[in-house]
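Step one of this worksheet: look at the structure below.
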Amino acid sequence: MVSDIYYPSKKTDDFCEDVCGEQSSPGMVSMSRLRCMLRGLDLKAIVFLVVFVPMCIVGIYFHGQKITYFLRPIWQSPPRPFIEVTHYYHENVSMENLCRQHGWGIREYPRRVYDAVLFSNEVDMLTIRWKELHPYITQFVLLESNSTFTGLPKPFTFAINRDQFKFVESRLTYGTIGGRFRRGENPFVEEAYQRVALDQLLRIAGIEDDDLLIMSDVDEIPSRHTINLLRWCDDIPPILHLHFRNYLYSFEFELKHRSWRASVHRYQTGKTRYVHYRQTDLLLADSGWHCSFCFRHISDFVFKMKAYSHTDRVRFLHYLNPRRIQDVICQGADLYDMLPEEYTFKDIIGNMGPLPHSYSAVHLPAHLLENPEKYKYLLPGNCKRESG
């Protein structure tokens with residue numbers, strides 16, 4: 001005889017009964033499910049979910065930029081290498097011999113030289129630059145805007161301080177341009193707009209074919225003997241990038257990676273454009289100095305961090321804290337807490353950490369060493385800045 005067996009015609013919604021061995025009221029179905037899920041997890045999984053996952057999210061938020069830069073060798077290949085041009089110089093060697101050492105001829109008379117810059121607020125660096133180049137420049141060309149690259153309003157700082165530059169007044173072409181003040185726009189668009197205006201100012205200044213044109217930021221300073229060499233030598237390349245010794249905050253902290261964006265051009269009407277990127281493979285070694293963020297006042301650091309094209313690196317407001325900036329300067333650390341911008345894991349790891357202190361003040365711009373008290377903050381051993 002077959003016993004009667006009762007089979008429910010409707011499936012129960014409480015699937016945890018068999019698993020957990022408990023009965024749950026319909027009102028506790030959700031809680032029952034959660035309890036069953038937790039009982040099915042071991043302690044390590046719970047710790048991972050509750051502790052490590054939130055930590056990873058927070059870590060990515062605060063250090064995502066570092067992670068991206070550290071993985072750079074995976075997602076970006078290094079640029080093609082430059083062709084290094086050996087640079088020969090000694091003060092007691094004739095110009096004819098120096099030109100010959102470079103494989104160039106000697107001219108009967110030197111080329112005219114135009115030094116053109118976009119100016120923001122770097123009064124001291126501009127003074128050092130123009131004092132260094134003064135003997136060999138035909139025309140100093142400076143364009144100033146009342147807007148930063150990021151669309152912030154700024155005063156015409158050069159106009160305010162123009163009396164300090166009377167030594168170039170007879171050879172100065174100065175122009176101003178109104179900013180477009182488009183907040184939120186890519187800063188490189190405003191920068192390109194100002195560089196196009198500088199092209200027009202150069203034509204007003206009277207530049208002609210085969211004149212030398214120096215394209216570099218104010219803090220990228222060619223040495224005077226480099227410019228004298230290029231103006232006297234014949235058959236030099238039409239475009240030549242300049243390799244500068246690269247410094248941060250002062251001439252106490254030298255960066256290992258090269259500064260190469262500065263360039264010298266034999267001007268060609270309708271072809272030469274004032275830009276700040278790679279334009280040739282040729283790089284003339286040891287041609288000057290690049291001193292980035294070399295300011296006297298902490299307020300100038302804050303201004304540049306908010307004003308220049310890489311303002312996206314200011315990810316947190318505490319980066320702009322004056323006390324933090326002062327500590328970073330004296331440590332030789334990075335203002336943005338970034339990893340080195342390198343293309344191999346070896347170079348990234350090798351260049352991590354604060355920059356080593358240098359105690360050499362040999363072969364620096366002449367005006368800097370002629371006025372050590374005035375520019376004390378730029379020399380080794382003087383990291384303290386004025387508040388401004």
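When a residue number appears, it is its place in the shown sequence, counting from 1.
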Using side-chain heavy atoms (C-beta onward) and a distance below 4.5 Å, is E169 in contact with R162? yes
With a cut-off of under 6.0 Å to the ring centre and 45° to the axis, is R107 in cation-pi contact with Y109? yes
For the residue pair H87 / D286, report whether a side-chain donor-acceptor contact shorter than 3.5 Å exists. no
Donor on one side chain, acceptor on other, R129 and H367, under 3.5 Å: no
Distance alone, cut at 3.5 Å: any donor-acceptor contact between the side chains of N351 and E342? yes
Ring center gap for H102 and Y88 short of 6.0 angstrom: yes
Less than 3.5 Å apart, any donor N or O on the side chain of H225 or E132 sitting next to an acceptor on the other? no
Taking side chain as C-beta onward, heavy atoms only, is F293 less than 4.5 Å from D300? no
Less than 4.5 Å apart, any side-chain heavy atom of V113 and any of D211? no
Taking the side chain as C-beta and beyond, is there a heavy-atom pair between R261 and F244 under 4.5 Å? no
Decide, yes or no, whether a salt bridge links K154 with E144 under the criterion of side-chain N to carboxylate O below 4.0 Å. yes
Which Ile, Leu, Val, Met, Phe, Trp or Tyr residues join L283 in one cluster when any pair of side-chain heavy atoms under 4.5 Å counts as a link? F82, W260
Should the pair D217-R195 be classified as a salt bridge under the 4.0 Å nitrogen-to-oxygen rule? yes
Are T150 and T148 linked by a side-chain donor-acceptor pair shorter than 3.5 Å? yes
By side-chain contact (heavy atoms from CB on, under 4.5 Å) - contacts of R296 (at least two apart): D124, K374, Y375, Y377, E386
Assert yes or no for the condition that the ring centre distance of F140 to W130 is strictly below 6.0 Å. yes
Got a donor-acceptor contact below 3.5 angstrom from the H241 side chain to the Q279 backbone? yes
Should K131 and E370 count as an ion pair when the cut-off is N to O under 4.0 Å? no
Scanning both residues in full, the closest heavy-atom pair of F295 with R385 reads O-NE, 2.6 Å
Donor-acceptor pairs are to be reported for all side-chain atoms of residues 358-366 against protein atoms at under 3.5 Å, with residues two or more places apart or in another chain.
residue, atom, partner, partner atom, Å
S358, OG, S360, N, 3.3
S360, OG, V362, N, 3.3

